[in-house]
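Worksheet for the structure shown next.
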Amino acid sequence: MTTKKSSKKNNRVLVLRTCKKDGTAYNKFKWPTEVGAVVTAPDFEPTKECGHGLHGLLWGAGDSLLVDHSADAIGMVVSVNANEIIELDGKVKFPSCRIEFVGTLVEAANYIHQKTGRVVHLAMVSDERKAVTGEYGKATALS
């Protein structure tokens with residue numbers, strides 16, 4: 001029997017997040033919008049509390065009300081060292097990441113699906129009664 005060592009890349013997870021079209025997010029933190037950019041939280045604290053870190057939805061799963069569903073928002077998929085993920089209520093936080101994809105929210109959800117086979121459900125009812133979901137996803141919008 002042979003044992004395959006886990007590569008460094010296999011120890012990484014994908015996190016979905018959004019920011020405004022100018023790259024700003026919560027607390028006016030400015031995200032670069034270039035694939036390959038490495039982002040580090042300047043105030044990271046390894047506590048199980050919101051704040052003091054970078055945030056998103058692990059594998060695109062979590063509280064979809066925490067992502068920006070506006071038409072001009074940037075959808076982003078970042079890769080994070082799995083050992084650095086801190087689970088919070090409906091989201092995760094982490095000290096640093098590498099940007100893997102930049103596009104719309106739906107394109108980002110589809111990117112996760114294409115890379116992992118996971119279906120990302122991003123249902124949210126807006127004022128226009130729209131629901132957004134990733135490829136092959138299902139959403140129900142109630143008025």
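Below, each value reflects all heavy atoms present in this structure, side chains not excepted, and no hydrogens, waters or symmetry copies. Just so you know, residue 1 is the first one in the sequence shown, and it goes up from there.
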Inset, instruction - For Arg12 and Ser79, indicate whether the former's side chain and the latter's backbone hold a donor-acceptor pair under 3.5 Å. - result: yes
Inset, instruction - For the residue pair Ile85 and Val13, establish whether any side-chain heavy-atom pair is separated by less than 4.5 Å. - result: yes
Inset, instruction - Taking Lys93 for its side chain and Glu45 for its backbone only, find out whether a donor-acceptor pair lies under 3.5 Å. - result: yes
Legend entry - Side-chain heavy-atom pair Leu105, Thr18 within 4.5 angstrom cut-off: yes
Inset, instruction - Determine whether more than 12 heavy atoms belonging to other residues, nucleotides or ligands lie under 6.0 Å from atom CG of Asp89. - result: no
Inset, instruction - Test side chain to side chain contact (heavy atoms under 4.5 Å, CB included) on Val120 and Trp59 and set out the steps. - result: CA-CA 8 Å; Val120 177; Trp59 302 116; over 6 Å; no
Legend entry - side-chain contact (heavy atoms from CB on, under 4.5 Å) partner of Leu54, the single match among Phe44, Tyr26, Phe29: Phe29
Legend entry - Side chain Thr116, main chain Ile112, donor-acceptor under 3.5 Å: yes
Legend entry - Cluster overlap Val67 with Val102, hydrophobic side-chain contacts below 4.5 Å: yes
Inset, instruction - May I ask you to decide if Thr40's main-chain N or O and Ser96's side chain share a donor-acceptor pair within less than 3.5 Å? - result: no
Legend entry - Single-linkage hydrophobic cluster Leu16~Leu66, side-chain heavy atoms < 4.5 angstrom: no
Inset, instruction - Taking all heavy atoms of Pro32 and all of Met76, pick out the closest pair and write down the distance. - result: O-CE, 3.6 Å
Inset, instruction - Might you point out which heavy atoms bring Asn81 and Asn83 nearest each other, and give the distance in Å? - result: OD1-N, 2.9 Å
Legend entry - Minimum heavy-atom distance Glu100-Val35, with the two atoms named: O-CG1, 3.6 Å
Legend entry - NZ/Lys21: more than 12 non-hydrogen atoms of other groups inside 6.0 Å: no
Legend entry - Ile74 and Lys20, any side-chain heavy atoms less than 4.5 Å apart: no
Legend entry - Distance-minimising heavy-atom pair for Trp31 and Cys19: CB-SG, 4.4 Å
Inset, instruction - Check Val80 against Cys97 and note the closest heavy-atom contact, atom names and distance. - result: CG2-CB, 3.8 Å
Legend entry - hydrophobic_cluster_shared for Phe94 and Leu58, side chain cutoff 4.5 Å: yes
Legend entry - Short side-chain to backbone donor-acceptor contact, His55 and Val92, under 3.5 Å: no
Legend entry - His52 side chain vs Ala41 backbone, donor-acceptor pair below 3.5 Å: no
Legend entry - Criterion side chain to side chain contact (heavy atoms under 4.5 Å, CB included) on Leu57 and Arg17, from CA distance to verdict: CA-CA 6 Å; Leu57 306 181; Arg17 54 157 297 95; over 6 Å; no
Legend entry - Sub-4.5 Å side-chain heavy-atom contact between Leu88 and Ile86: yes
Inset, instruction - First locate atom OG1 of Thr33, then atom CG of Asp22, and finally report the distance between them rounded to the nearest 0.5 Å. - result: 9.5 Å
